[in-house]
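For reference, the structure is listed below as C-alpha cells.
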Amino acid sequence: MEFIDLKSQYQAARALIDQRIHDVLDHGQYIMGPEVGELEQRLARFTGARECITVSSGTEALIIALMALGIGADDEVITTPFSFIATAEAIVLVGARPVFVDVDATTCNIDPTLIEEKITARTRAILPVSLFGQPADMEEINAIATRHGLVVIEDAAQSFGASYRGKRSCNLSTIGCTSFFPSKPLGCYGDGGAIFTGDPELARAMREIRVHGQSRRYVHTRIGVGGRMDTLQCAVVLAKLERFEWELEQRTRLAARYDALLSGRLGRVSRAPDRHSAFAQYTVIVNERERVQAELMAAGIPTAVHYPVPIHRQPAYVHLATDPCPVACDLAEHVLSVPMGAYMSADQIDEVAFSLLRAARVELPGEPADALC
Ligand SMILES: *Cc1c(COP(=O)(O)O)cnc(C)c1O
C-alpha cells in the first residue's frame, strides 16, 4: 500500500496528462507558455477568486504574498506553530517575525480565541493554515483582522478544493496561497503553486514580483524573485483538474468510511459541519505512536507524522517562541496520518482501520481485538 498513490492516479489520467505534456513539447514555450494563463483562468474560476497567479511553489507563494503586502523588518505576522515549516519560514525570509498562537485541540487549526491578545502595534497580518485540508476559522479570523486593520493570508497549501460556508478555500481572505507539490490534493509532477486574491492591485504587484519585479521587459519597478511556475507543470495540473472534483468526492467518501470504522474507538482530527475538507491527510490521535507506526509498517501500511515537532520548538525558530503553545506540543506527540487518496479502495480503508485499531489495542465490546481482522 502507498501512503499517497500517485501512480494509480497517473494510470487513470494518463492519456490526457501525456497529451498535455506533449502539447508543450511541441509548441516549445517552456516558460510562460499558453498553459500558464489557461491554468490561472481555470483555477480562478474554480475557487471563485478574481485573480490567480501561478508561482514556482507554495513556499514562494507565501513569500511573494508577504512581499506584495510590503511586510518586512519590524513587522509581526500571527501564525500557527502546528504546520509545515514553510509557513513560518516565509515570514522570517521577508524579515518579519512570526508570532505563534496555539491551535485548537480538536481541529489542529489556529485557535481564533487566542489571536487578539497577541496583536501589537507591529502586527501586520494573520497567516492561518488550513491544516490537513480543513479550512481554518476564517470568518472569525477575518473579523479580528478587520477590527485591527490587518490582512489575512490563508496558507491553503493543503486545502485546495476544500470549502467553507459555501466558498472555496483560497478565496476566503485577502490572499490565499496554495501548493501543487505532488502529494498535495491537486499536485503537479515537480514544484508549483498559486496565489489568489480579489484585489487587482495586489495581483499586479504579485505578478511583477514573480518575475524579478519587472513591470515591462527590463524595467524593474520593485524587488522581486524568480518565481514562475513552468509551462509543463501547468499542463500537468490542467490535465489533473479534469478528475479533481471526482477525486474530492471520492476522498470525502473514503474519509467517511474511516470515520465510521474509527469513531468512538480512536481519537481523530475533528471537522466542523460548516466546511468540507480536501482531505490532504486523514489524521488520528494515538498513544504509543512509535509502536503503532511500527506495527502498521509490519502489516504493510505506511504512515506519516504531520508534524513531530511544532515550529516554535525547531532549533532555528526556538528563539522566536514567546508562547509555549502547549496544545501544539501535545498534538505533535500524538498525531498520526494514515494512507488517504482517491484511488484507494473501500477494502484498503477497512484494512488500514482494522490494523490501526489492533495496533492501538482498541477492543470492540465483546470481541477480542484479533477478531477485527
Ligand atoms: C506543502 C506546504 C507548504 C509549501 O509548499 P511547497 O510547494 O512545498 O513549497 C506550505 N505550507 C503548508 C501548510 C504546506 O503543507
Side-chain angles (χ1 to χ4, degrees), residues 3-4 6 39 43 52-67 77-94 98 100-101 103-104 107-110 125-136 138 141 152-162 169-170 172-173 175-196 206 209-210 225-230 232-234 236-237 240 269 277-283 304-312 314 317 328 331-332 335 337 340-341:
F3 184 66
I4 294 177
L6 293 173
L39 179 62
L43 296 177
C52 168
I53 301 107
T54 55
V55 293
S56 53
S57 71
T59 308
E60 214 57 39
L62 292 167
I63 292 169
I64 292 171
L66 291 162
M67 287 174 76
V77 177
I78 289 175
T79 192
T80 164
F82 199 54
S83 179
F84 180 58
I85 196 75
T87 309
E89 186 179 50
I91 297 168
V92 174
L93 278 174
V94 299
F100 298 109
V101 166
V103 296
D104 181 287
T107 64
C108 300
N109 278 330
I110 193 167
I126 308 173
L127 206 173
V129 177
S130 294
L131 199 72
F132 304 145
Q134 174 173 226
M138 297 303 287
I141 294 167
V152 177
I153 304 169
E154 182 196 11
D155 182 343
Q158 301 181 8
S159 61
F160 192 83
S169 178
C170 294
L172 302 174
S173 58
I175 296 178
C177 295
T178 198
S179 164
F180 304 122
F181 187 82
S183 59
K184 308 284 176 166
L186 180 62
C188 58
Y189 289 154
D191 277 306
I195 314 173
F196 299 83
M206 294 191 287
I209 293 168
R210 172 176 69 174
V225 298
R228 290 166 301 220
M229 181 164 166
D230 66 71
L232 276 170
Q233 298 305 338
C234 290
V236 171
V237 176
K240 287 206 197 176
V269 173
S277 177
F279 292 105
Q281 307 297 343
Y282 189 95
T283 303
V305 175
H306 305 103
Y307 295 89
V309 180
I311 299 174
H312 69 299
Q314 290 286 353
Y317 293 79
L331 285 168
V335 286
S337 301
M340 172 47 101

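Order of appearance sets the numbers: ligands from 1, and atoms from 1 within every ligand. Values reported hereafter were calculated over all heavy atoms of this structure, with side chains retained and with hydrogens, waters and symmetry mates removed. The structure displayed is predicted, hence computed values, not measured ones.
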Any donor-acceptor N/O pair, [X] side chain to [Y] backbone, under 3.5 Å:
{"X": "Asp155", "Y": "Leu62", "value": "no"}
{"X": "Gln233", "Y": "Tyr189", "value": "yes"}
{"X": "Ser130", "Y": "Ala156", "value": "no"}

- Message: Could you measure the distance from the CD1 atom of Ile126 to the CD atom of Glu154? Nearest 0.5 Å is fine.
- Response: 13.0 Å
Tell me: protein heavy atom nearest [atom], and distance?
{"atom": "atom 9 (O) of ligand 1", "answer": "Thr59 OG1, 2.5 Å"}
{"atom": "atom 11 (N) of ligand 1", "answer": "Asp155 OD2, 2.8 Å"}
{"atom": "atom 15 (O) of ligand 1", "answer": "Lys184 NZ, 2.6 Å"}

Could you tell me if the side chain of [Y] sits less than 4.5 Å from the side chain of [X], heavy atoms only?
{"X": "Ile175", "Y": "Met206", "result": "yes"}
{"X": "Met229", "Y": "Phe180", "result": "yes"}
{"X": "Thr283", "Y": "Cys108", "result": "no"}

Within the 4.0 Å heavy-atom shell around [X], which atoms of ligand 1 are there?
{"X": "Val129", "value": "13 (C)"}
{"X": "Ser57", "value": "7 (O), 9 (O)"}
{"X": "Ser179", "value": "5 (O), 6 (P), 7 (O)"}
{"X": "Ser83", "value": "13 (C)"}

Polar proximity ligand 1 side, [X] side, N/O cut 3.5 Å exclusive:
{"X": "Glu60", "value": "no"}
{"X": "Asp191", "value": "no"}
{"X": "Gly58", "value": "yes"}

- Heavy-atom nearest option to atom 12 (C) of ligand 1, drawn from Gly187, Ala157, Ala156: Ala157
- Message: Given Tyr307, Phe132, Phe181, Phe82, identify the one with the heavy atom nearest to atom 8 (O) of ligand 1.
- Response: Phe181
- Message: Does the plane of the ring in His312 sit parallel, tilted or perpendicular to the ring in Phe100? Use 30° and 60° as the thresholds.
- Response: tilted
